[in-house]
Amino acid sequence: MPQDMSEFSKPRVNGKLLPSFQGRNVCLLGNAKDVDSNGTAFILSTSDGQDVRIIMQEPLGEYVSGLTEVHGSVDAQNNIHCQNYVAFPKEISDTFDLELYNNAVELTSRFSEFYKVGVIDQ
Amino acid sequence: MWNQGGYQDQGQGGFSSPGGFGTPQGTQGDRKSRNRAQNILPCTTAEILSANQNDDKFYSGEIELSQITIVGLIIAVKESPTRIDYEVDDMTGPPLEVKQFVDNDESVPETERIAALRENTYVRVYGTVRSFGGKRNVTAFKMVPVMDMNEVTYHMLEVTHSHLALSKQSMSSGAPMNKTAADDIYSNQDSGMVSGLNQVQNQVHSIIQSNMSDEGASIENVCKQLGGVPERSVREAVEFLSSEGHIYSTIDEDHYKATDS
């Protein structure tokens with residue numbers, strides 16, 4: 001029975017790719033900053049230098065900064081409603097090559113026949 | 001023990017010279033178990049979960065999925081004395097079940113036990129694709145915590161590169177074959193007209209061969225023409241070429257002519 005697995009995938013995106021994923025789940029890796037006073041939202045600076053608003057379901061229990069990965073759905077205003085996030089320690093944040101990651105995101109997005117995402121189950 | 005990150009495990013005896021292919025075609029039934037698992041393929045969980053199953057072999061298009069490596073986020077962990085069960089998510093599809101068999105019984109000292117990795121951390125998995133009760137999973141023989149997130153970037157690129165290389169190879173030969181990392185080294189090298197020689201040896205042989213004088217080329221001459229190559233390397237090459245019969249000395253040990261000039 002063919003099964004479309006794309007509803008389970010969270011393709012890695014950057015600022016440029018984000019608008020084409022409105023209404024879908026994505027994975028956004030970037031640098032966190034500007035946590036608002038309630039801890040209910042923050043800004044994620046994407047690998048291609050765009051600022052995306054991350055809206056939390058529950059207030060953040062910790063202060064996020066540096067390399068952070070957000071999983072969530074994209075709304076019509078290109079904000080992300082966060083379902084899960086991974087905060088990375090400074091050592092990992094400091095060594096991460098964001099520009100190279102951006103290239104990899106665009107490359108794998110372009111060559112989906114080689115980097116398979118959410119393919120149909122046979 | 002296992003090749004980490006390479007496309008070919010060259011540990012299998014008898015099948016391949018460094019320039020050969022990983023999995024020979026047309027093998028006998030009784031050698032079946034030894035012919036499998038000659039490569040580790042970097043892939044995505046979507047690819048593993050979508051693969052077609054034929055007997056106990058899995059195929060993603062033309063590529064056989066046997067030993068694989070993925071990089072993903074641990075979503076769930078369940079420990080028991082003989083097994084650690086993980087769910088790993090690399091964003092390409094639903095979480096993949098990854099089982100790691102361990103010996104963590106109470107009788108085993110704590111320092112020798114395999115520690116379970118934590119949820120919401122990135123991990124690199126090396127394992128084999130299996131199916132159990134109709135459900136696809138990976139049996140891991142090694143799980144390594146990701147300490148540098150560039151490994152995620154690296155994996156994305158390696159998956160893309162390996163699949164592109166495999167599809168090219170498959171197209172040119174018309175039969176599915178697993179590319180070896182060694183193929184790159186041997187196909188890219190300019191081997192000149194004599195096979196079995198490395199680059200320096202070939203260059204030295206060429207220079208000696210093109211010398212038409214009676215006494216042949218001098219070592220000094222060869223060094224000058226090769227520029228950056230140290231004299232010791234030239235002399236080593238000359239010694240090899242001489243022992244193989246490609247060149248012979250003339251007036252003294254510093255002058256050589258080629259046997260096939």
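In the text below, chain A, chain B and the rest are named by the order of the sequence lines, each starting its count at 1. Since the model is a prediction, treat every value here as computed from it, not as a measurement.
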Considering the options B/Val152, B/Asp90, B/Thr153, which one meets the side chain to side chain contact (heavy atoms under 4.5 Å, CB included) requirement together with A/Arg12?
B/Val152
Mark yes or no for whether B/Asn150, through its side chain, and A/Asp97, through its backbone, hold a donor-acceptor pair below 3.5 Å.
yes
The test is side chain to side chain contact (heavy atoms under 4.5 Å, CB included); show your working for A/Ile92 and B/Asp148 and say whether it passes.
CA-CA 6 Å; A/Ile92 291 185; B/Asp148 181 342; 5.8 Å; no
Could you tell me which portion of A/Asn25 (side chain, backbone, both or neither) has an atom closer than 4.5 angstrom to a non-hydrogen atom of chain B?
neither
Nearest heavy-atom approach of A/Gly118 to B/Ala46 is N-CB, 3.6 Å
Can you tell me if CD on B/Glu110 sees more than 12 non-hydrogen neighbours from other groups inside 6.0 Å?
no
Take atom NZ in A/Lys16; do more than 12 heavy atoms of anything else shown fall under 6.0 Å from it?
no
Is A/Arg110 atom CZ crowded by more than 12 heavy atoms from other residues, nucleotides or ligands, each under 6.0 Å away?
no
Roughly how far, to the nearest 0.5 Å, is CZ of A/Phe8 from OG1 of B/Thr45?
12.0 Å
Distance from A/Tyr101 atom OH to B/Met149 atom CE, nearest 0.5 Å?
7.0 Å
Could you tell me which portion of B/Leu164 (side chain, backbone, both or neither) has an atom closer than 4.5 angstrom to a non-hydrogen atom of chain A?
both
Derivation of the side chain to side chain contact (heavy atoms under 4.5 Å, CB included) call for B/Asp89 and A/His71:
CA-CA 11 Å; B/Asp89 181 0; A/His71 310 153; 5.6 Å; no
If you look at every heavy atom in A/Thr108 and B/Met156, which pair is closest and at what distance?
OG1-CE, 3.5 Å
Among A/Phe111, A/Phe88, A/Phe96, which residue has the highest count of heavy-atom pairs closer than 4.5 Å to chain B?
A/Phe96
Crowded around A/Gln22 CD? As in, over 12 foreign heavy atoms under 6.0 Å?
yes
When the 4.5 angstrom heavy-atom criterion is applied to A/Val105 and chain B, the contacting part is both
To the nearest 0.5 Å, tell me how far B/Leu157 CG sits from A/Asn103 CG.
8.5 Å
If we ignore angles and hydrogens, is there a donor and acceptor under 3.5 Å between the side chains of A/Tyr115 and B/Glu47?
no
So, does B/Asn120 use its side chain to make a donor-acceptor pair with the main chain of A/Tyr85 at under 3.5 Å?
yes
Interface moiety of A/Leu107 toward chain B, non-hydrogen atoms closer than 4.5 Å:
side chain
Could you look at A/Leu98 and say if it's the side chain, the backbone, both or neither that has a heavy atom under 4.5 Å from chain B?
neither
Nearest heavy-atom contact between B/Ser167 and A/Phe114 is OG-CE2, 3.6 Å
CD of A/Glu69 to CE of B/Met91: how many Å apart, nearest 0.5 Å?
5.0 Å
Quick one: does any side-chain atom of B/Thr44 pair with a main-chain N or O of A/Lys116 as donor and acceptor, under 3.5 Å?
yes
